[in-house]
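Both ligands and their constituent atoms are indexed starting at 1 by order of listing. Count residues from 1 along the sequence. Basis for what follows: all heavy atoms, side chains included, without hydrogens, waters or symmetry-related copies.
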Amino acid sequence: MRGKHVLVGVTGGIAAYKVGYLIRELIKSDAEVKVMMTEAGTRFVTPLTFSALSKNPVFTDLWSSNQSSDSDISTQHIDLANWADVLVIAPASANTIAKLTYGISDNLLTVVSLATARPIILAPTMDTEMYLNAITQKNLTILKERGYFIIPPAEGELASGLSGPGRLPEIKILIETIEKVLGHSIQDLKKKRILITAGPTFEAIDPVRFMGNHSSGKMGFAIANAAAQRGADVTLIAGPVVRETPRNVKRIDVESAQEMLTAVLAQTKKTDAVIMSAAVADFTPVHPAKHKIKKQPGSETLEITLKATPDILAILGKRKRKMVLVGFALETKDALAGAKDKLRKKNLDLIVLNSFNERNRVFGSDVNTVTLIDHFGNVARFPKLSKFDVANKILDKIKKLV
Ligand code: CTP
């Protein structure tokens, strides 16, 4: 934490008083701390308290130029956005969470949140009903998919006298999260151009039907998010999934395997690494019908002839020069041997083997158990980890190869 710039955002909530303890711990760990407060936040704690604890002026007003000696009114928010190594919003009220979700920037805290490219941690803290309200939950899901780090609230008695989730977690948990996020956001992939594919592909049967698969895209989106946090220039080619685009990521949407190939080839010239995490369909209908296929009276079956799709990885493997090529494997038997075989046949530098069994369903899950195998034959097995942590393990390995 030494020398790290931690920007703390305080919104309106009774837990605002506990942020004093957070600031004290951060200062003890030699971090530099600046505090921004919303108007509602200042109703609970005075800026003077946080100024004394952080040893810095506290920023409360979007329109004031005299809060910091070296900023004027037009650049104050940009200066703060660039100063921060991490932004921690605690307590994060339902109101601020909703504003962040929709890009409403009507105070200094929300403007800075929109302007910064650095990681943002939110500690939602509010009454249980507000926290569990479907609107707040949906907003948090959107923000999580975009790469905001959400620390779930603690459960217990609340100021209202009710009991349930909504309390600010222990300061120790906030500090651990800040440390972890800062650890993952070291800019070690700066200037590296990384191309990632994610999600399924849909292969048209007729204008309204397709063949697809259960890939949720979570793994590929997690890699895109993690790579962007680490400073890489990330392009994400996504099959048809309903997912938010992670912050600082350029996204290209495609539908079929053929479209994915075209998009990938258009990008690869200027790429340091390609990570093919998409579950590309292996087959596609030979002749997709021009019109919706009708039921044929008296016919119980329908035959659709399929042909192989282009194997994007294999095509890249044949063409590659300096680029690092990463593939995924999902095998149900002789997994290690199968993955090694794929690595060799497709001329890959690294393959990520997903364990597929009853306990690790992979598709749609937030966690994953993987084995990484590189082209030197090194095998690294990992325990069950969040997909974000798996993403960072993959990127750690790629960093050594690029
Ligand atoms: N892949 C690809 N293009 C395809 C099919 C797969 O680029 N048309 C990539 C996937 O993105 C993944 C890797 O190949 O990174 C492994 O895919 P998988 O379907 O497991 O293996 P296949 O090569 O299709 O072999 P098999 O189906 O025989 O296991």
Asp282 neighbourhood, listing ligand 1 atoms whose heavy-atom distance to it stays under 4.0 Å: 5 (C), 19 (O), 24 (O), 27 (O)
Using a 3.5 Å cut-off on N or O atoms only, is Phe328 in polar contact with ligand 1? yes
Atoms of ligand 1 less than 4.0 Å from Ala281 heavy atoms? 8 (N)
Please determine whether any non-hydrogen atom of Pro310 lies less than 4.0 Å from an atom of ligand 1. yes
Plane angle bin for His184 and Phe388 - parallel if under 30°, tilted between 30 and 60°, otherwise perpendicular: perpendicular
Using the side chain to side chain contact (heavy atoms under 4.5 Å, CB included) rule, pick out the option among Leu348, Ile394, Thr197 that qualifies with Phe328. Ile394
Backbone or side-chain N or O of Met276 under 3.5 Å from ligand 1 N or O: yes
Quick one: does Lys342 get an N or O within less than 3.5 Å of an N or O on ligand 1? yes
Verify whether one side chain among Asp349 and His375 offers a donor that lies under 3.5 Å from an acceptor in the other. yes
Among protein heavy atoms, which lies nearest atom 9 (C) of ligand 1, and at what distance? Leu313 CD1, 3.6 Å
Where ligand 1 meets Thr309 - atom numbers and elements under 4.0 angstrom, heavy-atom basis: 8 (N)
Does Ile312, backbone or side chain, put an N or O under 3.5 Å from an N or O of ligand 1? yes
Heavy-atom pairs closer than 4.0 Å: do any link ligand 1 to the side chain of Asp311, the backbone, both, or neither? both
Check this for me - ligand 1, Lys346, N or O atoms closer than 3.5 angstrom, yes or no? yes
Answer yes or no: does an N/O atom from Ala279 fall short of 3.5 Å to an N/O atom of ligand 1? no
At under 4.0 Å between heavy atoms, which part of Ala314 makes contact with ligand 1: side chain, backbone, both or neither? neither
Any chance the side chains of Glu303 and Thr305 put a donor and an acceptor closer than 3.5 Å? no
Those atoms of ligand 1 less than 4.0 Å from some heavy atom in Gly327: 15 (O)
Search all heavy atoms of Asn225 against all heavy atoms of Gly147 and return the closest pair with its distance. ND2-CA, 3.4 Å
I'd like to know if Arg230 pairs up with Asp188 as an ion pair, taking the criterion as any Lys NZ or Arg NE/NH1/NH2 lying under 4.0 Å from an Asp or Glu carboxylate oxygen. yes
Is any heavy atom of the protein nearer than 4.0 Å to atom 28 (O) of ligand 1? no
Among side-chain atoms of Asn107 and Thr110, is any donor-acceptor pair under 3.5 angstrom? yes
For the backbone of Arg209 and the side chain of Asp206, can you confirm whether one donor and one acceptor N or O come within less than 3.5 Å of each other? yes
Does ligand 1 have an atom under 4.0 Å from some heavy atom of Ala278? yes
Between Glu176 and Lys180, is there a side-chain N and carboxylate O pair less than 4.0 Å apart? no
Salt bridge or not for Lys318 and Asp311, using N-O below 4.0 Å? no
